[in-house]
Amino acid sequence: MEATEQEDHIADAGQFVAPPNGGVNELLDMGEDNMQGQMEEFLGPQAQYNEEEEERKYYRRKRLGVIKNVVAASLGAMMVYSVYMGLLQMQLILHYDMTYREVKYSNLGLEDIDRKMLMGINVTPIIGLLYTPVLIRFFGTKWIMFLASGIYALFVSTNYWERYYTLVPSAVAIGVAIVPLWASLGNYITRMAQQYYEYANYKEEHVQEQKKLPKGACHSYIIIFQSVFYLIFNLSLVFAELPMRLVLNSHLHENKYILANVKVCGAEIRGMIPGFNTTVLTNLPHSMLLIKVESVLMGFALLAMIIFLVLCGPAYRPTEEIDLRSIGWGNIFQLPFKHLRDYRLRLLCPFFIYSGLEVLFAITGFSLSYGVCILGLKKLWLLIVVYGLSSSVFSSLSLFLLRLPRWLCLLGGAAVHAVLIIALLAFSSKPDQPEYLGPLLVISVLWGLGTALNKTGVSILLGMLYAEEKERLDFIYTIYHWWQAIAIFIVYLWSGLPMRAKLSILLATLLLSCYCYCVMERRMAKKVQHRLPRIPRPRHKVKGYRYLEEDNSDESDSEKSVEEENDENIEEMPSADGEEEEQDAGTEGADSPRVWRRGARGQQHRWEDGHLQGAEEEEKQVVE
Amino acid sequence: MAFLPRELLALMAVLGVVQLICGYSYRNCIEDQWSNRKSFHCTRRYVGKMSNMTQDLPVTAVNLSISHCNVSQLDNSLSHLQNLQHLSISLCNLKIISGNAFRSLSQLKSLILSFNELSELKPLLFEDLQSLNSLLLAHNKLQALPEEIFLNTSSLQTLNMDTNVLNNFANVVRSVSHLMNLTALDLSFNHFTSLSHSSASLPRSLTKLSLKGNNLLTLGCQATLFNYVKLLDLSNNARLTAMAFKGVDLSHLKFLSLKLTKVDILTFLNISNVSRVHVDFSGTGLKNKTQIEKLCELLRKKHSIMKSLKLDDNGIKSTSFTLHYCPTITKALHLSQNKLQTVKCLDFLDGQEKITEFYAEHNRLLSLSSCKNRSKPALTKLKKLSYRYNRILSVKANAFHLTPNIKVLQLNINNIAFLDHHALKGLKQLQELRLDNNLLTDLFKDTFANTCKLKILNLRNNRVSVIFNGTFYCLKKLTTLDLGGNKITHFQAAGFDGLTKLSKLYLDGNNLKTIKTSFYYAFQDTLKVLDLSRNKIRFLTKDKSSPFMNFSKLTDLKVASQRPYGLTLLPPTLFRGLHSLKSLYLGNNRITHIPCDAFDDLTGLHFLTLDNCCVGGVNLHPGVFKNLRNLTKLILENVGLQNFTKEVFGNLTQLRILQANHNTMQSIPLDALESLVKLQYLDIRNVSLSCTCKNSFLQNYTLHNPDLQVVYLYNLQCPEDNSKTFFNFNTEVCFIDLGEHLFFCTAAVIFLFTVTPLLHVKLYWKVKYGYFVFRAWFSEQWSRIRDKEENCKYDAFISYNSVDEEWVMDYLVPNLEGNKSPFKLCLHHRDFELGRDIVDNIVNAVYSSRKTICVVSRSFLCSEWCSLEIQLASYRLFDEHRDVLLLVFLEPISERQLSSYHRMRKVMLKKTYLQWPGPDTTNFLQARELFWSQLRRAIRAGNRLETEDEAQEHYAAQDHQTEENQTSDESCYLQP
C-alpha cells in the first residue's frame with residue numbers, strides 16, 4: 001500500500017519538479033530552495049498519513065465487497081430461477097390445455113415439443129460432469145454464472161415464439177448450463193467465505209504469504225454465506241408463482257370440472273394425476289397478456305444478467321485464475337473423476353442424490369399428486385409459495401451450526417423428511433377436498449424446513465470439508481450438482497411410477513444417505529486418511545508475461561516430466577489436518593499492495609519452495 | 001314496473017348483438033343471390049324465436065320469406081324492417097301474433113301467413129299496413145275475424161282465407177265491407193253453413209268470390225249480395241241445392257261454378273236469373289245425351305253465342321250427343337275428366353265450326369282413328385287440340401285430317417306406341433307438337449314430313465333408340481328439339497339434316513357413348529343449348545380434337561352425370577372453341593383429374609358447376625381457372641377440395657357467388673379470398689375449417705367484411721369440438737407475429753449482451769492487437785494504391801557530379817534504363833530544359849521524379865549543386881513525408897570525411913544506403929548483380945515513409961553490404 005502510494009507521490013513530485021519544458025526547468029532550478037519548502041508544505045498532510053488506518057479501511061471495503069458479491073450472486077440466482085420456473089410452470093400448464101394447443105398450434109405437436117423440452121432440460125445435465133470443470137476454468141466462475149443466466153434469459157426469449165426449433169435447443173442449452181451454473185454458484189459462495197476470511201485476517205502471516213488457510217478458519221463464514229445464499233435463493237419459488245397467481249389463476253376452471261374424472265389422490269395413485277382433465281382453462285388468455293408477462297420475466301432475466309455482470313466481483317484474482325486453468329485441460333477433465341476417490345465425497349453421494357430428489361418431489365410429486373389433486377389447480381401456487389417461504393426462512397436455522405455440531409443440520413432435515421415421507425405414504429384421499437388445505441400446508445412448511453436444512457447442510461458440509469482448498473472447490477461442487485442432476489433425471493424417469501414407489505425410493509435414499517453420512521463422520525472422527533488427487537503445478541506458457549524472467553525451457557521440461565510422474569503415480573495422502581497439503585499455492589498474486597510489492601521477488605523463491613516440496617514429496621514417497 | 005328492467009336488458013342484448021355483427025352474414029337467413037340486400041329467405045331454422053332470425057337483417061330488406069321453422073309466436077321482431085314489401089311466414093306453426101307484430105311495416109304489399117296454426121288475430125294487427133295489397137291466411141285455424149281488423153288496410157285487393165274454420169259469414173262481410181279496393185276474396189273450405197250477412201254488404205269492387213268447399217245448405221243472403229261479383233265459385237258445397245238460389249240476384253255473374261253440389265243444373269237455370277252462358281257446367285251430372293241436349297236447348301233460349309262450354313267432370317261416356325242445338329261456341333270446349341273412350345273425329349262438333357280450342361284431357365281415349373274418309377266439313381278454326389292424360393295407344397294415319405289448321409297439338413302423357421307414318425299428315429300449320437311420355441320406338445322419315453312449320457318438338461321420355469337419316473329433314477323452322485329420356489345410342493349420319501334453325505337440343509338421358517362432331521354440322525352455327533347429361537359418355541384417353549369446336553354460339557352445355565362411370569377423364573381439349581359458352585355443367589362425373597388447361601377457351605363463361613365432379617379429393621392445379629375472368633358463379637360443392645389457394649382462384653375477379661360447401665379444406669388463406677374482389681356470396685357450410693390461429697384472420701374477415709355474405713356463418717362448427725362455433729372461437733391467443741419479432745430481438749440482445757462482455761474479457765488484447773495489425777496492413781495497402789495513382793514523369797532523378805558521369809553512363813543508365821528494366825531516368829545533361837534556370841530545373845526534376853538517387857562520391861560531396869539537389873530531395877522528405885532520397889555510395893567514405901557535411905551526415909544517419917561494390921570486393925560480379933537488384937527494388941518501392949519490413953530489407957541489404965565492406969574498409973561502416 002504505502003509503496004505504491006509513495007511511488008505515486010514521487011512521480012507526482014517529479015512532474016512538478018521537472019516539467020518537460022526546459023525554460024521553466026531553469027527557472028525552477030534557480031528557486032530550488034523555495035520550491036523545496038513549498039513541496040514540504042504540499043506534502044505536509046500526507047505526513048500524517050496513517051497507514052494502519054488506511055489499510056483497515058481498505059480491507060473493510062474489501063469485506064463489504066465480498067458481502068455484496070454474496071448477496072448479488074444470491075439475488076441473481078434467485079431472479080434467474082424465479083423467472084425460469086415461473087415461466088416453465090405457466091407454459092407447461094398452458095400447453096397442457098388441449099384447447100390452447102389446438103387453437104394456437106392447430107395440432108398436437110406442442111405436447112411433443114414440451115416433452116422434448118423437458119427431456120432436454122432433464123437429460124442433458126447427465127453429461128455435465130464431462131465439461132463443467134473445463135467450462136468453469138475456461139471462463140472463470142463469475143463468467144459461468146453470467147453465461148448461464150444468459151442462457152436462461154434466452155429460454156425466456158424463445159418462449160415468445162414457441163416452435164420446435166426454438167424451444168428444444170434452448171431447453172438443451174439450459175440442460176447444459178444447469179450443472180455449471182450450480183457448481184459455480186457453490187464454488188463462488190464458498191470462495192467468498194475464504195476471501196472474507198482473508199480480508200478479515202489480512203495481518204496474519206499465512207494470509208500475507210498466500211499460504212493455505214488454517215483448518216477450520218473460515219468455517220463460520222461458509223456457514224453464514226451459504227445460509228444467506230439459500231435464504232435468498234429459496235425465495236425464487238415464491239416469486240416463480242407470481243405469474244401463476246396474477247395471470248393464470250383467473251383463467252382456470254373450477255375444481256369440479258378439472259377433477260371430474262379423478263378417482264383418488266395421494267399415495268394410492270400412479271403417475272401424476274390420473275384422470276386429470278385435459279382442458280384446464282376456462283378462457284384462453286389473451287396473447288398480448290402472455291407477451292406482457294413474458295416481457296416482464298424477460299426484464300427480470302436481463303436484470304439478473306446485469307447483476308451477475310456488474311455486481312458480482314471475480315471469485316479469484318486474475319493470477320489465480322491463470323493458475324487454475326494452467327494445470328492442463330486434460331487434468332481438469334480428469335480431476336472430477338479422481339476426486340470421487342475421496343471417501344468423504346463417496347459417502348456423501350447418496351445425500352447429493354437425495355437432495356435433488358426431494359426438491360423435485362416437493363414441487364412436482366407432492367404439489368401435484370397431493371396438492372393439486374386434493375385442492376385443485378388454483379391452490380397450486382399457495383402450496384409452492386408456502387414451501388418456498390418456509391425453506392427460505394428455515395435456511396437461517398443452519399446458522400445454529402456456528403454453535404452446534406454440523407451433523408445436526410443434515411440429520412435434522414433428514415428426520416423431518418423421514419417423518420413426512422412416512423406420513424405421506426399413509427395419506428390418500430378423495431379429490432377436491434378443500435378441508436385438507438391446512439394439513440397440506442403444514443406438510444409443505446415442514447418439507448420446506450427439511451429442504452432448507454438439507455440444502456444448506458450439504459453445501460455447508462462440502463464447504464467445510466474443502467474450505468482450505470480453493471482450487472478444488474469447482475470439482476467438488478461439480479460432483480455435488482452432477483449427482484443432483486442425476487437425481488433430477490431419476491425424477492423425470494419415474495413420473496409414471498406409483499406414488500408409493502416414489503416415496504419408497506425417496507425413503508430408501510434418505511436412509512442410505514443418513515447411514516453413509518454417519519459412516520463418513522465416524523471415519524473423519526477417527527481421522528481416517530482420505531485420498532485426494534494431487535493437483536498438478538500450473539504449466540504456464542512461455543509467453544506468459546509474469547514468467548518471462550524465470551522462463552527456462554530446460555527447467556520447465558524437467559518439471560513437466562516430474563509432474564507427469566506425480567500425476568500418474570502419486571496421490572497426495574494428506575493427514576486429516578492436512579498440513580502438508582501445501583503445494584503450488586505460491587503462485588497466487590494478491591490484491592494487497594504489500595503482496596504486490598513483493599511480487600516478482602517472492603515469486604521466485606516460492607517456485608523454489610515448490611520445487612523443494614516436490615522433491616520432499618518424492619523422498620517421502622520413496623520412504624513410504 | 002318490474003318487467004321494465006328485464007325488457008331493457010333484453011333490448012340492450014339485442015342491440016349489443018346487432019352492434020357486434022357488422023359484417024354481411026346472417027345468423028339464420030340467406031340473402032338471395034343477386035338480390036342486393038333486398039330478398040331474404042330463412043328456411044328450416046329451428047331456432048325457436050323469431051327475433052333470432054330477423055334481428056340481423058338489414059333495414060333494406062324488401063322481400064322476406066320465412067318457412068319451415070318452429071316459431072309459435074311472432075312478436076315485434078320485424079319492426080326494424082321498415083322497407084319490407086313482401087313478407088311470407090308459412091309452415092312455421094305460428095300460433096300467436098302479437099298486436100304490434102307488423103307495426104311500422106307501412107310499405108308491406110303482400111303478406112302471407114298461410115299454413116300456420118293461427119286461431120285468432122288481434123284486432124289492431126294490420127293497423128299500420130296501409131299499402132297492403134294481398135293477404136293470405138290460408139290453412140290456419142281462424143274462427144272469426146275481428147270486425148275492425150281491416151280498418152286501415154284500405155288498399156287490400158286480395159284476401160285469401162281458405163281452409164280455416166270460419167263459420168260466420170256475416171262477421172267476414174262486416175270486416176271486409178269497407179275495403180274499397182278488394183277484388184278477390186277466397187273463403188273456400190271453411191265452415192259456413194249459410195251466407196246470411198245482416199246489413200253489411202260486400203264491397204263493390206269485389207269481383208272474385210270463392211266459397212267452395214263449405215257446408216252451405218242455403219244461401220240465406222239478401223238478393224243483392226252478389227250484385228257486383230263477377231266470379232263466384234260455389235263448388236264442393238255438397239248440400240247446396242238449386243232451391244237455395246231462389247230469389248238471389250245472379251245476373252251480374254260472369255262465371256259461376258257449381259261443381260259437386262246437389263244443384264240440379266236444369267232446374268237452377270230455370271229458377272235463377274243467371275246469365276246462362278257464364279255458368280260452368282263441370283261436375284253437374286250432365287251425363288247423357290238427353291241432358292246435354294236439354295241444356296243446349298235451355299241455353300239456346302236466351303243466347304245464341306257463347307264463349308266456351310265447360311263440361312268437365314260430368315262422367316260423359318260417349319260422344320253420341322251433338323252440340324248442334326247449343327249456342328255457337330266461339331272459343332273452347334272442355335270435355336276433360338270425363339269417361340270418353342273415343343272422340344270419333346270430333347263428330348259432335350257438327351255445327352260448331354267456330355270453335356278454336358278443344359280439350360279432352362283425362363279421358364279414356366284409346367286411339368285416334370283415321371278421319372280421311374269422313375265427308376265432314378273441316379274444323380278449320382281449330383287451333384289447339386289437347387289429348388293429354390289419355391290412354392291413346394295408336395294414332396292412325398290422317399287422324400287430324402279434319403283439323404288441318406291446328407297450331408298446338410298435345411299428345412303427351414299417353415301410351416302412343418303406334419304413330420302412323422302419316423298420322424300427322426296435313427298439319428301444315430303445326431307449330432308445337434308434344435309427344436313426350438309415350439311409347440314411341442321409331443321415328444320415321446315421313447313422320448314429320450308435312451309439319452314444316454314446327455317450332456317446338458317434344459319427344460322426351462319415349463323409347464327412340466336410333467335417329468334415322470332424314471327424320472327431321474323437313475323441320476327447317478324447328479328451334480327446340482327435346483329428345484331427352486330416350487334410348488338413343490347413335491344417330492345415322494344424316495340424322496339431324498335439315499334442322500338448320502335449331503337452337504335448343506336436349507339429348508339428356510340417352511345412351512350416347514361418344515360425341516361426334518359430324519352429326520351436328522346442320523345446326524352448329526345456331527345451337528345455343530345442348531344438353532348431354534346422363535348419357536354414357538366416357539373418355540379414357542386424351543383426345544386431341546374438341547367435339548364442340550364449331551359451336552360458336554353455344555351458351556349452355558351440360559355434360560353432367562354421365563352413367564355409370566362418369567366422364568372419368570376430362571380431356572384438356574374437350575371444351576376447345578366454346579368461346580361464347582355461358583354455363584357449363586360438369587357435376588357428378590367421377591373425374592379423376594382436371595387438366596390445368598381444360599377451361600382455357602371458356603373466356604365467356606359465367607356459370608360453372610363442378611359439384612360432385614370428381615373422385616376423391618380434386619387436385620385443382622394453379623391456373624386452372626386462369627381464363628375464366630367473366631365467371632360470376634362457381635359451384636364446387638363436395639369436390640373434396642383440400643386447399644383453397646390464391647394460385648387457383650386468384651384470377652376469378654368477377655366471381656360473385658361461390659358455393660364450396662362439403663369440402664375438406666382446413667383453412668382458407670385470406671389472400672385467396674381477397675383476390676376474389678367481387679365475391680358476395682360464399683357458401684362454406686360443412687367445410688371443416690379448423691378453429692385455430694391459422695384461421696384467425698379468416699374469422700375476422702368473414703365477420704367484418706361488409707361485402708361478403710357467408711351462408712350461415714354463425715352456425716359453422718369447429719371440426720374439433722362440435723360445441724364450439726367458428727365465428728367466435730378464441731383468437732386472442734394468436735399474436736404470433738409480435739412474439740416472433742420479440743423473440744428475434746430479445747434473442748439477439750441477449751446473445752450480444754452475453755458474448756460482448758465475455759469477448760471483452762477474454763479477447764480484448766487480441767482484438768486490439770489484431771486491430772492494429774489490420775490498420776498497419778490497411779494503411780500500407782492504401783499507400784500503395786495512392787502511389788499507383790501518383791503520376792510522375794520519371795522514375796528517378798539521378799543526382800551526380802559530372803566526375804562520376806562515366807559511371808553513370810557506363811553502369812547506371814544501361815542497367816536501369818535499358819531493355820532490362822522499365823525505369824525512366826532523369827539525367828541533368830539529358831533531360832534538363834534548355835534556357836531555364838538551373839535551380840528551377842533541379843526542383844522540377846526532383847518533384848517530377850518518384851525517387852532521387854544521389855550518386856555519392858567524394859567529388860559529389862564537394863559539389864554545390866549536388867548538395868542543393870540532396871537538400872531539395874530531403875526537404876521533400878521532411879515537408880511532404882515523402883521519402884524520395886536514395887543514396888548510392890560509389891566509394892567508401894568514412895564518417896570522418898562525411899562529418900564536414902553536416903547535413904549530409906544527418907541524412908546518412910537516418911537513411912540506409914547502397915554501396916557500390918568496388919573492384920576489390922571479393923566476388924564483385926555477384927555483388928554488383930545484387931547492387932542493381934537492390935537499387936531497382938528501391939526505385940520501385942513506394943515512397944511513403946518506409947514501413948518496418950521494408951526497413952528490415954534495407955537492413956538486410958545493408959548487412960550484406962557491410963559484410964562485403966568489412967574486408968575492405970572497417971571505418972566505412974556507417975550505422976544509420
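Just so it is clear, the model here is predicted, and its values are computed rather than measured. So that the names make sense, note that chain A is the first sequence line, chain B the second, and so on, each numbered from 1.
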Please flag which part of [X] lies under 4.5 Å from any non-hydrogen atom of chain B: side chain, backbone, both or neither.
X         : value
Leu290(A) : neither
Thr99(A)  : side chain
Ile151(A) : neither
Thr166(A) : side chain
Met305(A) : both

Compile the donor-acceptor pairs under 3.5 Å between side chains in residues 753-762 of chain B and protein atoms, sequence neighbours left out, one pair per line.
from: Thr754(B); atom 1: OG1; to: Ile750(B); atom 2: O; distance (Å): 2.5
from: Thr756(B); atom 1: OG1; to: Leu752(B); atom 2: O; distance (Å): 2.3
from: Lys762(B); atom 1: NZ; to: Phe138(A); atom 2: O; distance (Å): 2.6

So Tyr81(A) and Tyr152(A), side-chain hydrogen bond (donor to acceptor under 3.5 Å, both in side chains) or not? Walk me through it. CA-CA 8 Å; Tyr81(A) 262 75; Tyr152(A) 279 91; 2.9 Å; yes
Which residues pass the side-chain hydrogen bond (donor to acceptor under 3.5 Å, both in side chains) test with Asn700(B), sequence neighbours left out? His704(B)
Identify which one of Arg191(A), Arg325(A), Arg137(A) satisfies the salt bridge (charged side-chain N to carboxylate O under 4.0 Å, His left out) criterion when paired with Asp474(A). Arg137(A)
Roughly how far apart are Arg685(B) CZ and Asp683(B) CG, rounded to 0.5 Å? 4.0 Å
